[in-house]
Each structure stands twice: as structure tokens, then as C-alpha cells.
Amino acid sequence: MLIDAGDVEDPAQMPLARTVEGILARTAPGLPLLVLHTHGHFDHRAGDGQIAGLGNVEVVPSDLASITRYFGWKIWPDSQGQIDLGGRIVDVLPTPGHHEAHLVFYDRQTQLLFSGDMLLPGRLLIADTAADLASARRLASFGQSHPITYALGGHIELDRAGTTFLGVNYHPDERPLQLTAKDVADLPSAIADFNGIYSRHGDYLMINQNRVLTLYAACALLALALIGWGIGRWWRRRKLNKSRG
Ligand SMILES: [Zn+2]
Ligand SMILES: [Zn+2]
């Protein structure tokens with residue numbers, strides 16, 4: 001099973017399919033490969049095309065309709081799924097908020113939680129605060145009954161001193177990816193603290209990108225209107241002075 005196919009389409013830049021094929025040949029020869037995603041943002045599924053070219057592979061599309069159909073869920077998001085890899089169960093939890101069809105995966109064998117972009121060391125981009133808070137509460141309650149060795153998110157955006165990397169590929173002194181069971185337990189209080197647009201809670205920078213963009217657009221429009229008003233005023237004064245002079 002593969003969770004997320006990553007951000008790179010071109011096998012020349014990132015030979016994902018060849019690498020996965022090599023691991024399968026060494027560790028699980030002849031077994032089929034199942035590909036699921038934490039969510040449908042392109043940086044988590046750009047590599048799907050490479051993987052689809054392998055034989056004996058099923059890629060489950062990341063949209064809500066395909067996911068609910070695949071797991072047979074009638075009630076979204078208050079459902080849970082299990083993937084049986086053959087004596088090894090992976091639990092699947094619907095966790096909308098960052099993305100409307102976000103999923104978190106829990107491997108019972110390693111007790112690792114794959115938390116996608118819902119919980120990661122860096123920015124928590126929240127598209128739907130109410131849904132994200134409800135998801136965080138369900139996840140925290142799951143964590144109370146399931147031991148979590150580490151939570152592994154989809155990105156690292158912090159250095160060891162807690163400074164956020166924004167829009168850069170060079171991450172000097174990057175902190176490790178893993179978060180802890182306590183971070184899972186504390187997530188609801190962090191999200192409850194979110195002001196709905198842009199706020200910081202501990203090391204997390206919480207952002208609603210749609211609202212921030214709307215705010216930028218509104219500020220740009222206001223600036224244009226003020227410039228227009230200023231030019232009109234200047235023009236009228238100039239005409240008045242000319243007619244007097
Ligand atoms: Zn995302
Ligand atoms: Zn992402």
C-alpha cells in the first residue's frame with residue numbers, strides 16, 4: 001500500500017514508480033499495490049501517473065465521491081474504514097477541514113499515524129474551520145484508544161528553532177517530521193484558537209488561504225478606489241484653479 005504519490009509527475013526528476021517497484025520486488029513480490037491519498041491536493045497525487053503505469057496496481061481517486069464509494073461509507077465524515085493488508089490492518093479516518101475529502105491513516109503494526117496536511121510541523125492550512133475542529137476532536141479521541149508512536153504529516157515547514165519556512169525549497173536546520181501522540185491530543189485546542197483567517201498557536205501557523213486571498217483582493221480594490229478618488233480630486237481642483245486664473 002502506498003499513501004500519497006507526491007509532488008513530482010516526471011519520472012526523470014523523481015523515479016517514484018521505479019523506486020516503489022524495486023521495494024515491492026524485494027519485500028512483497030507478486031502482491032498487488034493499492035494507492036490511496038491523504039487528500040486530493042496536487043502535491044500529494046502528481047505521481048499517480050507514474051504509479052498507474054506499473055502492473056497489478058489500483059489507484060483510488062482522491063475525490064470525495066470515489067473515496068466514499070471505495071470504503072462503502074454512508075455517513076461522511078462520521079465513519080471509519082479498515083484496509084486489511086493480510087494480517088496487518090490500516091485504519092482510515094475521514095478528517096475534512098484542510099481539504100473536503102482529507103483522510104488520516106493509522107498502521108496498527110507500527111502504530112504510526114499518517115496525518116497528511118491536517119497535522120504537520122509548520123503551516124496548518126484550514127479551508128473549513130468547523131469541519132477541521134470536528135476532525136481534530138475525532139482524531140484526538142481515536143488517539144485515546146490507540147497508542148501512537150509518531151504522527152507523520154505531509155510536509156516539514158519549520159527549523160529546529162521553530163521558525164516557519166515560507167515558499168522556499170532550501171530548509172537549513174530543518175526539524176524532523178515526526179510529531180507525538182501529545183500533539184494529536186492537543187490539536188483540538190490549537191484549532192479552537194484559530195481566528196478564521198491567520199493566527200499562530202505555538203509553532204503552528206494557521207491560515208485560511210481563501211480568506212487571506214479575499215482580504216488581499218479587498219485591500220487592492222480599496223487602494224485602487226482611493227487612488228482613483230485622489231486623482232479625481234486633483235483634476236477637479238486643477239480645473240477650478242484654471243477657471244479662476
Ligand atoms: Zn494539502
Ligand atoms: Zn500538501
Q: Please examine the side chains of Leu24 and Leu31, heavy atoms only from C-beta on, and report whether any two atoms are closer than 4.5 Å.
A: no
Q: Does one hydrophobic cluster hold both Leu36 and Leu2, with members joined at side-chain heavy-atom distances below 4.5 Å?
A: no
Q: Can you name the nearest heavy-atom pair linking Val92 to Ile83, along with the distance?
A: CG2-CD1, 3.7 Å
Q: Do Arg160 and Glu174 touch side chain to side chain, with heavy atoms closer than 4.5 Å?
A: no
Q: For Leu187 and Leu124, run side-chain contact (heavy atoms from CB on, under 4.5 Å): C-alpha distance rounded to whole Å, both residues' side-chain angles, the deciding distance at 0.1 Å, then the answer.
A: CA-CA 11 Å; Leu187 187 60; Leu124 303 185; 4.0 Å; yes
Q: What is the distance from atom OG1 of Thr164 to atom CG of Leu205, rounded to the nearest 0.5 Å?
A: 5.0 Å
Q: Do you know the tightest heavy-atom contact between Ser62 and Ala101?
A: O-CB, 3.8 Å
Q: Calculate, to the nearest 0.5 Å, the distance between atoms NE2 and OG1 belonging to His44 and Thr38 respectively.
A: 5.0 Å
Q: Take Asp107 and Thr110, measure what side-chain hydrogen bond (donor to acceptor under 3.5 Å, both in side chains) needs, and give me the verdict at the end.
A: CA-CA 6 Å; Asp107 174 24; Thr110 57; 2.6 Å; yes
Q: Anything under 30° is parallel, anything over 60° is perpendicular, the rest tilted; go ahead and classify Phe142 against Tyr106.
A: perpendicular
Q: For the pair Arg175 (side chain) and Gln178 (backbone), establish whether a donor and an acceptor sit closer than 3.5 Å, ignoring hydrogens and angles.
A: yes
Q: Would you confirm whether the ring centroid of His37 sits within less than 6.0 angstrom of the ring centroid of His102?
A: no
Q: Of all the heavy-atom pairs spanning Asp84 and Gly86, show the shortest one and how long it is.
A: OD1-N, 2.8 Å
Q: So, Asp4 side chain and Gly6 main chain: donor-acceptor pair closer than 3.5 Å or not?
A: no
Q: Should Arg237 and Lys242 count as side-chain neighbours, where that means a heavy-atom distance under 4.5 Å?
A: no
Q: Assess whether side-chain hydrogen bond (donor to acceptor under 3.5 Å, both in side chains) is satisfied between Ser141 and Arg138, documenting all intermediate values.
A: CA-CA 5 Å; Ser141 113; Arg138 284 196 307 278; over 6 Å; no
Q: Quick one: pull up CG in Asp117 and NE2 in His39 and give me the separation to the nearest 0.5 Å.
A: 3.5 Å
Q: Under 3.5 Å, is there a donor-acceptor pair between the side chain of Arg238 and the main chain of Arg233?
A: no
Q: With hydrophobic residues grouped by side-chain heavy-atom distances under 4.5 Å, do Leu112 and Leu177 end up in a single group?
A: yes
Q: Do Thr95 and Pro77 have side chains that approach each other closer than 4.5 Å (heavy atoms only, starting at C-beta)?
A: no
Q: For Leu103 and Ile67: C-alpha separation, side-chain torsions, deciding distance, then whether side-chain contact (heavy atoms from CB on, under 4.5 Å) applies.
A: CA-CA 9 Å; Leu103 300 174; Ile67 290 164; 4.0 Å; yes
Q: Examine Val35 and Phe114 and state if one hydrophobic cluster contains both, with Ile, Leu, Val, Met, Phe, Trp and Tyr joined whenever side-chain heavy atoms are less than 4.5 Å apart.
A: no
Q: Look up atom CG in Asp48 and atom CZ in Phe42, then write down how far apart they are to the nearest 0.5 Å.
A: 8.5 Å
Q: Got Arg200 and Met206 here, is their nearest side-chain heavy-atom distance under 4.5 Å?
A: no
Q: So, Trp73 side chain and Gln80 main chain: donor-acceptor pair closer than 3.5 Å or not?
A: yes
Q: Give the minimum heavy-atom separation between Pro94 and Ser79, together with the two atoms involved.
A: CD-O, 2.9 Å
Q: Given side-chain hydrogen bond (donor to acceptor under 3.5 Å, both in side chains), test Asp63 with Ser66 step by step and report yes or no.
A: CA-CA 6 Å; Asp63 61 284; Ser66 302; 2.7 Å; yes
Q: Can a donor-acceptor pair be found, under 3.5 Å and without considering hydrogens, that links the side chain of Thr180 to the backbone of Asp183?
A: yes
Q: Establish whether Val60 and Phe71 are linked, either directly or via other cluster members, by ILVMFWY side-chain heavy-atom contacts under 4.5 Å.
A: yes
Q: Using modelled atom types and a 3.5 Å cut-off, is there a donor and acceptor pairing between side-chain atoms of Arg211 and backbone atoms of Gly196?
A: yes
Q: Could you check whether any side-chain N or O of Asp159 sits under 3.5 Å from a backbone N or O of Thr163, counting only pairs where one atom can act as donor and the other as acceptor?
A: yes
Q: Start with the C-alpha distance between Leu120 and Ile156, add both sets of side-chain angles, then the distance that settles side-chain contact (heavy atoms from CB on, under 4.5 Å), and finish with yes or no.
A: CA-CA 7 Å; Leu120 54 84; Ile156 306 173; over 6 Å; no
Q: Does Ile148 reach the side chain of Gln111, with side-chain heavy atoms less than 4.5 Å apart?
A: no
Q: Could you walk me through whether Arg123 and Leu166 pass the side-chain contact (heavy atoms from CB on, under 4.5 Å) test, one step at a time?
A: CA-CA 9 Å; Arg123 288 173 307 160; Leu166 289 176; 3.3 Å; yes
Q: Exactly one of Ile3, Asp91, Leu152 should register a side-chain contact (heavy atoms from CB on, under 4.5 Å) with Phe105. Which one does?
A: Ile3
Q: Just wondering, more than 12 heavy atoms not from Leu226 lying within 6.0 Å of its CG?
A: yes
Q: How close do Thr68 and Ala65 get, heavy atom to heavy atom, and via which atoms?
A: OG1-O, 3.1 Å
Q: Could you tell me whether the side chain of Gln50 and the main chain of Glu9 form a donor-acceptor pair under 3.5 Å?
A: yes
Q: Is any side-chain heavy atom of Ile51 closer than 4.5 Å to one of Leu16?
A: yes
Q: So which atom in Pro172 and which in Phe165 form the shortest heavy-atom distance, rounded to 0.1 Å?
A: O-CZ, 3.3 Å
Q: According to a hydrophobic-cluster definition based on side-chain heavy atoms being under 4.5 Å apart (Ile, Leu, Val, Met, Phe, Trp, Tyr only), do Ile23 and Leu33 belong together?
A: no
Q: Do other residues, nucleotides or ligands put more than 12 heavy atoms under 6.0 Å from Met14 CE?
A: no
Q: Check whether more than 12 heavy atoms from other residues, nucleotides or ligands sit under 6.0 Å from atom CZ of Phe194, and answer yes or no.
A: yes
Q: Can you measure from OG (Ser189) to CZ (Arg137) and round to the nearest 0.5 angstrom?
A: 10.0 Å
Q: Please check if the side chain of Asn195 supplies one atom and the backbone of Tyr198 the other of a donor-acceptor pair under 3.5 Å.
A: yes
Q: Taking everything shown except Arg88 itself, do over 12 heavy atoms lie less than 6.0 Å from its CZ?
A: yes
Q: To the closest 0.5 Å, what do you measure between CE (Met118) and CG (Leu139)?
A: 5.0 Å
